[in-house]
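Just so we're on the same page: letters track the sequence lines, and every chain starts at 1.
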There are 2 protein chains.
Amino acid sequence: MENSSATKIFESLASGVRLDVFRLLVKQGPDGMVAGEIASTLDLPPTNLSFHLKSLAQAGMLTVSQEGRFQRYRANLPLVSDLITYLTEECCAGHPAQCADVRPSTFCTNAALPPLSSTPTKPGDSG
Amino acid sequence: MENSSATKIFESLASGVRLDVFRLLVKQGPDGMVAGEIASTLDLPPTNLSFHLKSLAQAGMLTVSQEGRFQRYRANLPLVSDLITYLTEECCAGHPAQCADVRPSTFCTNAALPPLSSTPTKPGDSG
DNA sequence: TCAATATTTCAAATATTGTTGTACTATCAA
DNA sequence: TTGATAGTACAACAATATTTGAAATATTGA
């Protein structure tokens, strides 16, 4: 991931409203929600919601699909994974022992994450 | 975590400069870096760096410790873990099967995350 | 076609952030 | 104490983001 993409994603989450929207859609899973449902659930004026949905969708955090007059939004969870990878990659670069002191158990050691310092690769191949 | 804390954290990461700073400090691990080193590594004027460091530190993403004239900054990785938990909690609430379709292998199923839909509890106890 | 509904686009007002230079505090070294 | 270094606080300006209402677009159903 590039810095500009990651920045855009973080910007898209850097708002109380958009955070509420995204978390609501995470909860809904593959069902997603149409814009009107989101608006009434979170008690937002449609113009304002549309503004925030656009921001999230342009960052890639939401996908949209049209259903007649409705627009259905869904959270893009795989992108969250990519984002964390970007944020934490090269953690304690080249020093697995240090990394162990610092990492939250979620990271570095996690199978889904890319080859960081804790992978069983040969040492010394930091990017 | 509360919405306002999470928003503050995402705001703190919603800048190309701050993202570079944080990732650099992730790489350094427990060693961290002093402000001047960060400034020269990223080629930033000290006033500007100070502005961004403050934002990251106030959000809790960095810790600071004084060393004589120097200020040493370190990435606070456990907070990243808390943040992801907040962002993805109640994923596909109450519908583990759906969740499996959607989640990146990093989430939901992860031991470090809170009891979501994928925990081995009885089905149908959505929060 | 026409009226109603769902949602977005646009424009204007307001609010918030980012950048820069200057000044300040604290520490170091003599 | 003095002068140098490390870093931050403040103030001014520039740049962006957020909110709102009115208007536009697209779909539905009579």
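Atom C1' of nucleotide C/dT19 and atom CG of B/Asp43 are separated by 15 Å, given to the nearest angstrom. At whole-Å resolution of the value, CZ in B/Phe10 and P in D/dT18 are 15 Å apart. Atom-to-atom, CG of A/Leu19 to C1' of D/dA17 comes out at 17 Å; the value is rounded to the nearest Å. Between B/Glu67 atom CD and D/dA6 atom C1' the separation is 12 Å, expressed in whole Å. When the P atom of D/dA17 is taken as reference, atom NZ of A/Lys8 falls 11 Å away, rounded to whole Å. Between the CZ atom of A/Arg69 and the P atom of C/dA3 there is a distance of 16 Å, rounded to whole Å. To the nearest angstrom, P of D/dT18 lies 12 Å from CD of A/Gln58. For the pair B/Leu13 CG and C/dG18 P, the computed distance is 12 Å after rounding to whole Å.
Between A/Leu49 and A/Ile38, the closest side-chain pair of non-hydrogen atoms falls below 4.5 Å. Side-chain contact between B/Met33 and B/Leu24 is present, with at least one heavy-atom pair separated by less than 4.5 Å. Looking only at side-chain heavy atoms (C-beta outward), A/Met1 and A/Thr85 stay at 4.5 Å or farther from each other.
Nearest to the side-chain atoms of B/Leu53 among the listed nucleotides D/dT8, C/dT17, D/dT27 stands D/dT8. Nearest nucleotide to the A/Gln71 side chain, out of C/dG18, C/dT7, C/dT27: C/dT7. If you check C/dT8, D/dT20, D/dG7 against the side chain of A/Asn48, the one that comes closest is D/dT20.
Taking 4.0 Å as the cut-off between side-chain N and carboxylate O, B/Lys27 and A/Glu89 do not count as a salt-bridged pair.
Checking A/Leu49 against B/Ser15, the closest nucleotide of DNA chain C that is more toward the 5' end is the one next to A/Leu49. Comparing A/Gln66 and A/Glu11, the nucleotide of DNA chain D nearest to each residue sits closer to the 5' end for A/Glu11.
Among all heavy-atom pairs drawn from B/Ile84 and B/Thr88, the shortest one is O-OG1, 2.7 Å.
Of the side-chain N and O atoms in B/His52, none sit less than 4.0 angstrom from OP1 or OP2 of C/dT17. Within the 4.0 Å cut-off from OP1 or OP2 of D/dT18, at least one side-chain nitrogen or oxygen of A/Arg18 is found. Not one side-chain nitrogen or oxygen of A/Tyr73 sits closer than 4.0 Å to the OP1 or OP2 atom of C/dA6.
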Solution key, residues 8-15 of chain B side-chain donor-acceptor pairs under 3.5 Å, sequence neighbours excluded:
| residue | atom | partner | partner atom | Å |
| --- | --- | --- | --- | --- |
| B/Ser12 | OG | B/Ile9 | O | 2.6 |
| B/Ser15 | OG | B/Val17 | N | 3.3 |
| B/Ser15 | OG | B/Arg18 | N | 3.2 |

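Listed by chain and residue number, nothing satisfies the salt bridge (charged side-chain N to carboxylate O under 4.0 Å, His left out) test with A/Arg74 (two or more places apart in sequence, or in another chain).
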Kindly give the atom pairs (protein nitrogen or oxygen, nucleotide nitrogen or oxygen) under 3.5 Å for nucleotides 9-11 of chain C.
none

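B/Val34 comes within contact range of the sugar-phosphate backbone alone, with a heavy-atom separation under 4.0 Å but no base atom that close.
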